[in-house]
Amino acid sequence: MNPVIDAIRSRRTVKKMDTERSPTKDQIDAIIEAAMWAPNHHMTEPWRFVVVSGQGRRRLGEALAAASLSGPGERPVPERVEIERSKPLAAPVIVALISSPQVGEKIVPQEELIAAGAALQNMLLAAHSLGLGSFVRTGLLAYSDEVRHLFGINEREVLVGMVYLGYVAGPVTPGRRSPAEGKVTWMES
Ligand SMILES: Cc1cc2nc3c(=O)[nH]c(=O)nc-3n(C[C@H](O)[C@H](O)[C@H](O)COP(=O)(O)O)c2cc1C
């Protein structure tokens with residue numbers, strides 16, 4: 001068995017976490033370090049992180065609730081707003097990964113975002129290897145002005161994902177992927 005491929009295949013999105021048992025600071029540091037070892041062109045290291053825990057999760061919930069009220073379309077029912085407000089309380093720690101591209105003649109914006117995506121996967125795999133569950137949350141409200149303001153996301157930056165982290169406390173949906181056939185073309189001549 002190959003431990004890296006095994007880890008890639010056995011990692012799963014974990015939605016039910018033990019909110020009473022937080023990952024340690026060392027674990028969170030290790031997960032962020034792993035993110036920073038992602039490949040990146042021109043060594044721009046185009047990422048930054050906001051660690052949200054404790055009452056910080058309530059501030060994030062307030063931002064999501066406010067975004068649900070200020071967004072386009074019909075005003076959401078109060079229950080919907082409450083759901084948004086409580087979402088960050090589902091994990092003891094959330095690490096927001098922000099793509100923070102550099103600007104320069106040789107720098108391709110798309111590559112900066114791709115590098116941050118690689119950093120995201122490193123975080124999930126590092127968490128898995130430490131015995132932690134993880135869950136990436138995004139969505140329209142996550143990209144809202146309210147959340148951008150909370151995380152200090154400037155006009156060049158973009159939220160890649162909010163990585164919910166914690167010990168697994170419930171059933172996990174089995175993994176499912178299509179076979180490679182149909183998605184792979186071999187060019188041998
Ligand atoms: C960039 C990104 C954003 C995601 N945002 C959400 C989200 O907002 N809500 C959600 O339920 N899952 C989200 N996911 C997780 C996917 O739903 C999940 O990876 C997918 O269902 C496959 O399950 P697995 O991770 O167990 O393989 C996101 C994943 C990525 C990579």
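Just so you know, ligand 1 is whichever comes first in the structure, and atom 1 is the first atom listed for that ligand. Quick caveat, the model's predicted, so the values are computed rather than measured.
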Residue and atom name of the nearest protein heavy atom (relative to [atom]), distance in Å to one decimal:
atom                    : value
atom 31 (C) of ligand 1 : Leu120 CD2, 4.1 Å
atom 25 (O) of ligand 1 : Thr13 OG1, 2.6 Å
atom 12 (N) of ligand 1 : Phe135 CE1, 3.4 Å

Does a salt bridge link Arg85 with Glu82, judged by any charged N lying under 4.0 Å from a carboxylate O? yes
Ionic contact status for Arg80 with Glu84, cut-off 4.0 Å: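 Salt bridge flag = yes for Arg80 with Glu84.
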Any N/O of Thr138 closer than 3.5 Å to an N/O of ligand 1?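 So ligand 1 has an N or O lying under 3.5 Å from an N or O of Thr138.
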When you compare ligand 1 with Val136, is there at least one nitrogen or oxygen pair between them that comes in under 3.5 angstrom?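 Between Val136 and ligand 1 (N or O atoms, distance only) the closest approach is under 3.5 Å.
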Min side-chain heavy-atom separation [X]-[Y] under 4.5 Å:
X      : Y      : result
Leu89  : Arg58  : yes
Ile98  : Arg148 : no
Ser70  : Glu146 : yes
Lys106 : His41  : no

Establish whether atom 21 (O) of ligand 1 and some protein heavy atom are separated by less than 4.0 angstrom. no
For ligand 1, indicate whether the residue Arg177 contacts it via side chain, backbone, both or neither (heavy-atom separation under 4.0 Å). side chain
I'd like the name of whichever of Arg137, Lys15, Arg12 reaches closest to atom 11 (O) of ligand 1 through any heavy atom.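 Nearest heavy atom to atom 11 (O) of ligand 1 lies in Lys15.
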Quick one: does Gln121 get a heavy atom under 4.0 Å from ligand 1? no
A quick test of your reading: do over 12 heavy atoms of other residues, nucleotides or ligands sit less than 6.0 Å from NE2 of His42? yes
